[in-house]
Amino acid sequence: MATSTTLRTHVCGELNASNVGARVTLAGWVSRRREHGDKLAFIDLRDFSGVMQCVIDDGAEARSEWVVQITGTVTARPTGTVNTNLPTGEVELTNCSLTVLNAAEPPPFPIDQRADDVDENIRLKFRYLDVRRERMQRNLRLRASVNSAIRTAMETQGFVEVETPLLMPSTPEGAREFLVPSRKEPGSFYALPQSPQLWKQLLMVAGMDRYYQIARCLRDEDLRADRQYEFTQLDAEMSFVDKDDVLHAISQAVMAAAHAATGVTPPPIERITWHDAMNRFGSDKPDMRFGLELVELTAVFASTAFKAFATAASIKGLRVDAATYPEAAAMGRNKLDQLTDRAKQSGAKGLVWMKVGAAGVLDSPVAKFLSDDEKSALITALGATTGDLLLLVADGWSTTCTVLGTLRNDIARPPVHEGPYRYVWVVDFPLFVGVNPTTNKPQPGHHPFCHPHPDDLAKLETDPLNVRALAYDLVLNGWELGSGSIRIHEPELQRRVFHLLGIDDETADRKFGFFLQPFKYGAPPHGGFAFGIDRLVAILAGEENIREVIAFPKTQSGMDPMTNAPGPVEPAQLLELGLRTLPKPAN
RNA sequence: GGUCCUGUGGUGAAGUCUGGAGUUCACGCCGGCCUGUCAAGCCGGAGGUCGCGGGUUCAAAUCCCGUCGGGACCGCCA
């Protein structure tokens, strides 16, 4: 890496014992100054690469975060003064001459690890100072090397980078869009892309064969630790492929990214069906770093007298094993009530808890409703032993799974970045998830262009909710990284799916015409994928929050404390766009 | 739209439950001393509309109501 410039010969972090004797010039920020009177001071000079201790013996003034240029001789530190905590700690710069390039006001917070505790609003207000810190430098550089590794992996597989428009027509359904008013056509609007989905499929029709883009996507939905208005995806699409081709190609990119970040290539990414993920982990984004799997109990209570269980389609349980989760297994009544509330919030009618006492005696509010046979069958099914806490939910299959999945995570899920990394493909998603209560039509699980599983085509109209899709998600440590599918390339099949969704031919033409028309001109079978780079990098960087791997993120309310965006604009700008604003509704 | 946590010199915290003078601690800042430190040390100093508004009270950082900002989550994110 060529780092020397007109103003410097080296960078701070690259100097070590092998440079002893060299006369060098460095430029950077004063990280810290330790004065010992007029005749001796130490300045820790910082740049992006690290810190170098400079010995100043002429009393030159330089304070925190001043920008200075220092010329000096690389010298081995005297015996006993080596700093083993510093990569450059064996050497220092002596016989220094210092030039102040720019003085600076004291920073509002320390430019080091201590700022991790500073109110995030203040970090964001002074983001340019926050990014000076080693943590942010490391995160952003890690992100850059992940991007670079992904590009290489995609290009070696024949993917071609194509840029797609940011200004596009608004498309119905899906996430809320950001709109951009048209000046030439007042009253008309562009939308910013939620993803390049439509464009990349058109590129397949256009014969590009393999497309990729590290693409910015914009969605006007509420923000979270893992969600920003704008985020970045590796977006890819390929022609003449089936599901395995896509999973293989994307795996190559993920492996390369992981290797770039950690130096280790993960083992081949395992697969689990959506149905198994729900059954075992109660989630379509299973965190498989820990056990506490759901146990099927419906048969145990097949002929029970306990009403809440007798009428339920599905009964499952968790065994909170006292040896593995001593704290959770021993939780008191108060905590159990909180857990019950949580179960109810997640959609359950209630939560049955049982504590396993000596000799298999069950301590539970509902124990008296269960027969001795049921109790012993329950203990056998769960493999329960003394001290365990058992949690049971009885409801429809889907509710039972998701409620227990939520409790499983609440009880035992480690922080997202804690190893080991467990990548998993969740495959065979259902084509539809539930029924829209207002239209009484099935709702697409992914998007309406997903190809139904060929084996399930016959029941598309008769049993739509049990039709699988050629759709798949990539999950890492319980975070959904991304999703993809084989697309519908046959106009007739697309029409069938639209009809199921309650979209007639005329509506389809009106809403998606620009997208459907091209498919009449010879669309190749194709499929693709997109995964969130912010999320992947956050986990690989050991961060809980994607804001830590974004240079200039927004707060949870969508503001930027540094620029104060969003803000008002001049009336003249609104006039030019043919816009008028309404007063803020009174509370 | 909702639930929970949070806001005190430049920064981080304690004080708030149980009202009694802007009190305390650490870092930073300014000044002095200091020739081997490395998140230097010692001494001194400055710095606050306790987010904002209203109410209760003899008295409010503290209690009540409202509001704004930040964070986690639910809804939402095809």
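Atoms considered below: every heavy atom in the structure, side chains included; atoms not considered: hydrogens, waters and symmetry mates. Quick note on labels: first sequence line is chain A, next is B, and so on, each numbered from 1. Model, not experiment: these values are computed from the prediction.
At whole-Å resolution of the value, CG in Asp38(A) and P in G32(B) are 10 Å apart. As rounded to whole Å, 14 Å separates atom C1' of U11(B) from atom CD of Glu65(A). Rounded to whole Å, atom P of G71(B) lies 11 Å from atom CD of Glu548(A). Summarising the geometry, the separation between CZ on Arg34(A) and P on C33(B) is reported as 20 Å, rounded to the nearest angstrom. Whole-Å rounding puts the Lys125(A) NZ to G10(B) P distance at 11 Å. At whole-Å resolution of the value, CZ in Arg342(A) and P in C4(B) are 14 Å apart. In this entry the distance linking CG of Asn409(A) with P of C73(B) reads 12 Å, nearest Å. The distance between atom CD of Gln338(A) and atom P of A72(B), rounded to the nearest whole Å, is 21 Å.
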Between the protein and nucleotides 12-15 of chain B, which nitrogen or oxygen pairs come in under 3.5 angstrom?
from, atom 1, to, atom 2, distance (Å)
G12(B), OP1, Asp119(A), N, 2.8

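The base of C77(B) has none of its N or O atoms less than 3.5 Å from a complementary donor or acceptor on the side chain of Arg219(A). Contact of Gln53(A) with U37(B) (side chain to base): a donor-acceptor pair of N or O atoms is detected under 3.5 Å. Put simply, the side chain of Asp222(A) and the base of G75(B) share a donor and an acceptor less than 3.5 Å apart. No N or O donor and acceptor, one from the side chain of Arg224(A) and one from the base of G71(B), sit under 3.5 Å apart. If you check distances only, the side chain of Glu92(A) does reach the base of G36(B) with a donor-acceptor pair under 3.5 Å. Remark: the Arg227(A) side chain and the C76(B) base include a donor-acceptor N/O pair separated by less than 3.5 Å.
For the residue pair Gln213(A) and Thr164(A), a side-chain donor N or O sits within less than 3.5 Å of a side-chain acceptor on the partner.
Closest to the Gln556(A) side chain, of the nucleotides C77(B), C73(B), A40(B), is C73(B). In this structure, the nucleotide among C76(B), U35(B), G69(B) sitting nearest to the side chain of Met559(A) is G69(B).
Positionally, the nearest nucleotide of RNA chain B for Phe42(A) lies more toward the 5' end than for the other of Phe42(A) and Asp226(A).
For the OP1/OP2 pair of A26(B) and a distance below 4.0 Å, the side-chain nitrogens and oxygens of Arg114(A) include no atom meeting the criterion. Under 4.0 angstrom from either OP1 or OP2 of G69(B) there lies no side-chain N or O belonging to Ser557(A). At least one side-chain nitrogen or oxygen of Asn545(A) sits closer than 4.0 Å to the OP1 or OP2 atom of A72(B). Contact annotation: Arg32(A) side-chain N/O to C27(B) OP1/OP2 distance is not under 4.0 Å. The phosphate of C38(B) has neither OP1 nor OP2 within less than 4.0 Å of any side-chain N or O from Thr81(A).
Looking at heavy-atom distances under 4.0 Å, Pro108(A) makes contact with sugar-phosphate atoms alone, never a base. Counting any heavy atom pair closer than 4.0 Å across all strands shown, Gln194(A) reaches no nucleic acid atom.
The pair Arg63(A)-Glu65(A) fails the salt-bridge criterion, with no side-chain N (NZ, NE, NH1 or NH2) lying under 4.0 Å from an Asp/Glu carboxylate O.
Within the structure, the side-chain hydrogen bond (donor to acceptor under 3.5 Å, both in side chains) test picks out the following pairs touching residues 500-509 of chain A (sequence neighbours left out): His499(A)-Asp505(A), Asp504(A)-Thr507(A).
In this structure, Arg487(A) forms no cation-pi arrangement with Phe519(A), as its terminal cationic atom is not both closer than 6.0 Å to the ring centre and no more than 45° off the ring axis.
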